[in-house]
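These notes concern the structure reproduced below.
These values consider heavy atoms only, across backbone and side chains, with no hydrogens, waters or symmetry-generated copies. On a predicted model such as this, the values are computed, not experimentally measured, just so you know.
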Amino acid sequence: MARSSRITDALLLSHVNKMGEEHPPVPWDSVDFTVGDPTAMRTRFAGVLDYLARVELEVERNVLELLTIMPNPSEADRVFYADVWYGQEIQHGLILDELKRRIGLPESEPLLQVGFAVKALGAMAHFEQIQDVARTIYYFTGASTERQAVLAYNAFASELDAMGEKAVRETIINPIKRQEPGHFAFYRMSAEKVTTDGTLKPWQMWLARKLRTFSYELVGTHNDPRYQAQMGEVITKLGFERELEVFAKEIGRLEANLLWAQRNGLDFPPYVLRALREAVDVYRERGDFTPTL
């Protein structure tokens, strides 16, 4: 029998409303785009910046995916993605894209089309039990994505500090990264609720595990070698390559604890580390993002 969840719909909605009140989109006039050494920034972090900007701008695609797989969202889900998350993320992407432009990089080209797999899942999501499975996967995907973002922005801020790029660090990267933990908290709370409050029957949990195993991918990679290579570049440039298992634990711990709770001692699902290693391998084969400009 599933243990009772202490997370309620009211608590989730309260968290979302508080997040919206305390963290409005980063004001454009608060940003200082001054870069002390544009050449060094472009040379070292062209791929990292392009990846971060593109992924943030792909929030438009993410919302379309949510509308596809969750035709009947909860109030907390709807307020989160429509009134809070979208505005914050699109502003992150626009600011990062402007920073790119100012150091001589082209505009990002976000992938905005909804993929076939999501459309296929959406075609079945009018059945409530399938929608519950779909939103369970969505919560774990969101949690993994936000942990990747927090770790990437933390590491990037440290690199900028070492370069002396104070304006970018203090007025762009730090304000953006301060908004990501609230997103993670929403996904974590939602995942805990749906997996422990009796919503999911055993066959639904089994299906969620199967779908997650076969569909897991790192944020923004879209099962495309070009994007996998770019993620591999981010992993390498920000220093995560040296401790991939630690990185895998950070981004996969929640689903190990909730989705795979029956496997005692599992620090992270194997598919997380497999995706990280594959991204790094593809990057080594294809090289940096910059030469492809």
Side-chain angles (χ1 to χ4, degrees), residues 23 26-27 30-57 88-89 91-105 108 143-185 188 218-221 227-254 267-268 272-273 275-277 279-280 283-284 287-290:
H23 296 282
V26 178
S30 72
V31 178
D32 183 351
F33 289 101
T34 301
V35 178
D37 191 340
T39 300
M41 179 84 77
R42 186 172 58 248
T43 301
R44 291 186 61 185
F45 295 117
V48 172
L49 280 170
D50 186 79
Y51 171 84
L52 293 174
R54 176 176 60 80
V55 168
E56 299 281 10
L57 291 170
Q88 292 177 350
E89 298 285 280
Q91 186 76 333
H92 297 171
L94 292 172
I95 289 171
L96 289 168
D97 224 27
E98 177 64 16
L99 173 62
K100 286 175 54 193
R101 187 187 69 79
R102 295 197 183 201
I103 64 172
L105 293 172
S108 299
S144 174
T145 294
E146 297 301 338
R147 283 303 295 158
Q148 291 171 62
V150 168
L151 294 168
Y153 283 124
N154 280 339
F156 193 27
S158 296
E159 294 290 341
L160 292 170
D161 187 41
M163 294 175 69
E165 296 292 355
K166 183 177 180 180
V168 173
R169 184 195 68 197
E170 293 299 324
T171 73
I172 297 178
I173 302 305
N174 284 348
I176 288 175
K177 76 174 185 175
R178 277 195 290 269
Q179 296 188 335
E180 305 295 351
H183 304 164
F184 174 78
R188 176 187 57 77
L218 300 171
V219 58
T221 54
Y227 299 135
Q228 288 176 303
Q230 197 174 10
M231 180 55 168
E233 180 173 354
V234 172
I235 292 169
T236 302
K237 296 285 186 179
L238 296 182
F240 299 119
E241 181 192 13
R242 297 185 295 271
E243 296 183 311
L244 279 186
E245 292 196 12
V246 175
F247 193 43
K249 183 177 180 179
E250 285 292 327
I251 65 179
R253 179 164 41 201
L254 181 70
D267 289 332
F268 52 83
V272 177
L273 183 59
L276 292 170
R277 285 175 171 164
V280 171
Y283 165 59
R284 288 171 177 163
D288 286 359
F289 166 81
T290 307

Closest approach of Arg178 and Pro181, non-hydrogen atoms and distance? O-CD, 3.5 Å
Donor-acceptor pair, side chain of Arg42 and main chain of Ile103, under 3.5 angstrom: yes
Under 4.5 Å between any side-chain heavy atoms of Leu96 and Arg54, yes or no? no
Take atom NZ of Lys177 as the centre, draw a 6.0 Å sphere, and report whether it contains more than 12 heavy atoms from other residues, nucleotides or ligands. yes
Salt bridge or not for Arg101 and Glu98, using N-O below 4.0 Å? yes
What do the steps show when you test Glu233 against Thr236 for side-chain contact (heavy atoms from CB on, under 4.5 Å), and what is the final call? CA-CA 5 Å; Glu233 180 173 354; Thr236 302; 5.7 Å; no
Do Val168 and Phe33 have side chains that get closer than 4.5 Å, going by heavy atoms? no
Under the 3.5 angstrom rule, does the side chain of Glu250 hit a backbone N or O of Leu151 as a donor-acceptor pair? no
Nearest atoms (heavy-atom pairs only) where Ala53 meets Lys100: CB-CD, 4.0 Å
Would you say that Ile172 contacts Tyr153 through its side chain, given a criterion of any heavy-atom pair below 4.5 Å between the two side chains? no
Test item: Phe156 and Leu238 side chains (from C-beta on) under 4.5 Å apart, heavy atoms: yes
For the residue pair Arg169 and Ala157, what are the closest heavy atoms and their distance? CD-O, 3.6 Å
Whether Glu241 and Arg284 form a salt bridge (side-chain N of Lys/Arg under 4.0 Å from carboxylate O of Asp/Glu) is what I want to check. yes
Rounding to 0.5 Å, atoms CG (Leu57) and NE2 (His92) come to a distance of 11.0 Å
Would you check if Gln148 and Phe240 make a side-chain contact, meaning some heavy-atom pair closer than 4.5 Å? no
Would you say the side chain of Asp37 lies within less than 4.5 Å of the side chain of Met163, judging by non-hydrogen atoms? no
Looking at Arg44 and Glu159, is any side-chain nitrogen of the basic one under 4.0 Å from a carboxylate oxygen of the acidic one? yes
Side chains of Leu218 and Ile251, heavy atoms from C-beta outward: is any pair under 4.5 Å? yes
Using 4.0 Å as the upper bound for N to carboxylate O, is an ion pair formed by Asp32 and Lys166? no
Any donor-acceptor pair under 3.5 Å from Glu180 side chain to Val150 backbone: no
Leu244 side chain reached by Ile235 side chain, heavy atoms, under 4.5 Å: yes
Rounded to the nearest 0.5 angstrom, the CZ-OH distance for Phe289 and Tyr283 is 12.5 Å
Looking at every heavy atom in both Met41 and Leu160, which two are closest together, and how far apart are they? CE-CD2, 3.6 Å
I'd like to know if the side chain of Glu56 reaches the main chain of Leu52, judged simply by a donor and an acceptor atom lying under 3.5 Å from each other, with no hydrogens or angles considered. no
Tell me the closest heavy-atom pair linking Ser108 and Asp50, and the distance in Å. OG-OD1, 3.9 Å
Can you sort out the partners of Glu245 under salt bridge (charged side-chain N to carboxylate O under 4.0 Å, His left out), two or more places apart, ordered by chain and number? Arg277
Mind running side-chain contact (heavy atoms from CB on, under 4.5 Å) on Val219 and Tyr51 for me, showing each step along the way? CA-CA 10 Å; Val219 58; Tyr51 171 84; 3.0 Å; yes
Run the numbers on Val31 and Leu99 for side-chain contact (heavy atoms from CB on, under 4.5 Å), then give the verdict. CA-CA 10 Å; Val31 178; Leu99 173 62; over 6 Å; no
